[in-house]
Amino acid sequence: MSWSGLTAIVAAAGLGAAVPDAWGGDLAEDGALVFARACVVCHAPGTPSTAMLQDRYKDSVPALLEERTDMTPEYVRSVVRSWRPRMPAFRPTEVSDEELAALAAYLTRNNRPRSPPDVTRQ
Amino acid sequence: MSEKDFSAALREFAQVVGSDWVLSSEQDLDGYCDEFGPYRGTPQEVIPGAAVAPDDTRAVQEIVRIANQYRVPLWVISGGRNYGYGGAAPRLAGSVVLDLKRMNRILEVNEQHAYALVEPGVSSMDLYNHIQAKGYKLWMDGPSPGWASIVGSTLERALGHGLLPERWNYQCGMEVVLPDGDLIRTGMGAIPGSQTWQQYKWGFGPYVDGLFSQSNLGIVTKLGTWLMPEPPATLFGIVTAPRQEDLITLIDTIRPLRLSGILTSAGFARIDPQGDGGATGRGGARATVSIYGPEKVIGAHWDQVQEICAVIPGVRFDVERYAAPYDTAPMSDLNKRRHCVMSMAERKSWDHGFMYLSHLVPFDGKAAWKMMQVFDGIYQQHGLRFRGGFSTGNSSRALMCSQRGGFVRKGDAEFNRKSMDLVRRVTVDGGRQGYGVYRITTVFMDEAMAAFDFNDGALRRFHETLKDALDPNGILAAGKSGIWPEYLRGSKS
């Protein structure tokens with residue numbers, strides 16, 4: 001499916017206006033489309049999956065994945081590709097490696113950049 | 001098949017689909033397992049050798065020709081989420097999974113004639129979202145959750161929950177790659193330029209679509225499915241009776257309504273184990289009916305249901321009514337399904353696993369009651385009690401008994417062994433008493449098919465005759481529905 005084919009699905013999911021300024025640039029915007037197609041059905045507000053995450057994390061991290069600021073691209077890739085309790089693995093034919101990279105960029109777009117090491121301290 | 005031939009086949013697959021879409025790493029193959037099956041993580045687990053993912057029908061044909069050349073066994077998946085029935089895993093270890101998920105085009109949605117033509121990778125959610133985005137006043141139905149492939153779930157004859165529950169009944173026309181790589185279109189689609197491919201099922205001559213359902217005689221690459229215009233109103237009625245034995249009367253009183261066309265959509269009947277004789281409204285037996293159409297018409301139908309069921313002492317009626325435009329957002333998950341809203345809301349616990357069990361019984365109260373007693377006897381021998389209910393789609397004149405058995409616990413071999421014993425006993429002993437399954441996990445397909453043994457297994461022999469003629473090299477989905485290619489027949493079946 002081409003990227004343009006995802007547009008209608010984004011509109012239906014009501015995410016058209018919610019794509020943030022891309023910390024990752026265009027890749028994160030593309031990742032928003034991937035999220036809308038493959039993830040939002042389970043990870044939208046009010047879904048059983050979001051409720052499960054709320055119960056698991058309490059308030060230590062947001063239950064909504066799009067509000068997380070602590071995930072890494074490696075973690076996102078690992079979760080998507082492996083079987084987890086309550087979440088199946090997504091094959092490359094469902095979320096391609098390219099789409100997964102974009103999704104990881106989107107879900108980590110709000111991460112605070114790490115401070116560079118203080119080289120003045122010896 | 002030698003390793004040399006297998007490797008050569010994979011190289012040729014890569015020339016067709018690109019090397020990115022020939023998948024063989026350990027992580028890749030982990031996606032083609034039966035995650036919720038009883039053998040997951042055990043030595044008995046069936047592991048594929050690789051996967052190949054084409055993007056179009058031409059590529060599927062090429063892959064099939066290569067598979068024939070090297071005798072590579074293929075196992076076909078559309079969406080690969082056949083949970084409770086085998087998932088994406090093959091029956092024959094080392095098979096190459098032909099993953100059709102990349103073929104995910106919605107080829108047509110025709111609002112005037114209420115149908116869609118889709119490729120195998122299109123899920124129910126995909127089509128539902130597309131219909132919503134376009135603003136079509138069309139409803140579709142399907143199994144939950146909504147990530148199931150429309151093609152896959154239709155070919156499996158899976159059931160929905162609302163207006164068009166028997167999805168197979170609404171299939172109209174398909175395109176199929178045969179095991180030798182040839183390509184056919186069924187029904188009116190065999191006429192080039194036909195405008196009725198998705199409007200008239202039968203075509204001319206033998207009706208062949210059923211050969212590709214729950215089968216390994218061809219690879220469906222396009223499938224037509226009927227949708228329905230949005231109904232002006234909906235009504236969901238619950239008929240509750242105080243005694244569990246009232247189930248017999250409930251079924252028998254609903255049957256004429258079903259036969260006359262007053263009740264046409266999904267309905268369910270079950271006993272309530274916690275029944276208290278109706279004191280708090282929770283009865284010993286309960287039937288739910290879904291009625292769709294103009295408000296006056298469905299109101300009259302519900303009046304008819306109440307009039308006929310009034311013969312049951314202590315019966316009570318509850319009803320919910322809705323009218324277009326439907327605000328489904330605040331509805332319960334059950335009512336969303338009844339309004340044909342595709343969602344992921346209905347998911348079993350994914351911590352462990354399950355093997356679905358569903359048998360057919362006549363639409364007759366005493367027959368249904370007897371079936372429950374028979375199966376309850378088997379469950380009790382396993383320290384359990386029968387829990388289940390009876391459902392009816394709008395084309396079947398039988399009841400389908402879906403049971404809550406066949407649970408799987410990850411990592412608990414002893415529990416899973418007992419669970420498999422239960423499923424095997426219900427399948428085999430149920431078969432001996434005339435109860436066949438409508439669908440079953442790959443683990444028990446041979447046992448399920450063995451029950452269909454009229455005339456010393458004539459139906460199985462017929463399947464095998466077709467298999468040998470269409471797939472002489474036995475490359476396609478070996479073992480699906482108990483149909484094995486000739487070279488494996490002695491050792492596997």
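Here the structure is a predicted model, which means the values were calculated and not measured.
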Exercise. Flag yes if more than 12 heavy atoms outside A:Glu74 fall under 6.0 Å of its CD atom; otherwise flag no.
Key: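 Yes, the 6.0 Å shell around CD holds more than 12 heavy atoms from other groups.
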Quiz item: What option among A:Glu94, A:Arg91, A:Arg81 has the most heavy-atom pairs under 4.5 Å with chain B?
Solution: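 Answer, by heavy-atom pair count under 4.5 Å with chain B: A:Arg91.
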Practice problem: Flag the one option from B:Arg81, B:Gln27, B:Met342, B:Met125 with the top tally of heavy-atom pairs under 4.5 Å to chain A. | Solution: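 Of B:Arg81, B:Gln27, B:Met342, B:Met125, B:Arg81 has the most heavy-atom pairs under 4.5 Å with chain A.
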Quiz prompt | Partner of B:Phe354 under ring-ring contact (aromatic ring centres under 6.0 Å, His included), chosen from B:Phe36, B:Phe407, B:Tyr83 | solution =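 By the ring-ring contact (aromatic ring centres under 6.0 Å, His included) criterion, B:Phe354 pairs with just one of B:Phe36, B:Phe407, B:Tyr83: B:Phe36.
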Exercise. For A:Val95 and A:Ala38, work out which heavy atoms get closest and say how close.
Key: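 Closest pair (atom of A:Val95, atom of A:Ala38, distance): CG2-CB, 4.0 Å.
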Quiz prompt | B:Pro48: which of B:Ser24, B:Pro90, B:Cys33 passes side chain to side chain contact (heavy atoms under 4.5 Å, CB included) | solution =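 Checked B:Ser24, B:Pro90, B:Cys33 against B:Pro48; only one passes side chain to side chain contact (heavy atoms under 4.5 Å, CB included): B:Pro90.
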Self-check item: chain A contact via B:Ile77 - side chain, backbone, both or neither, heavy atoms under 4.5 Å
Solution: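 Side chain only.
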Exercise. Check whether B:Asp20 gets within reach of chain A through its side chain, its backbone, both or neither, counting any heavy atom under 4.5 Å.
Key: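 Neither part.
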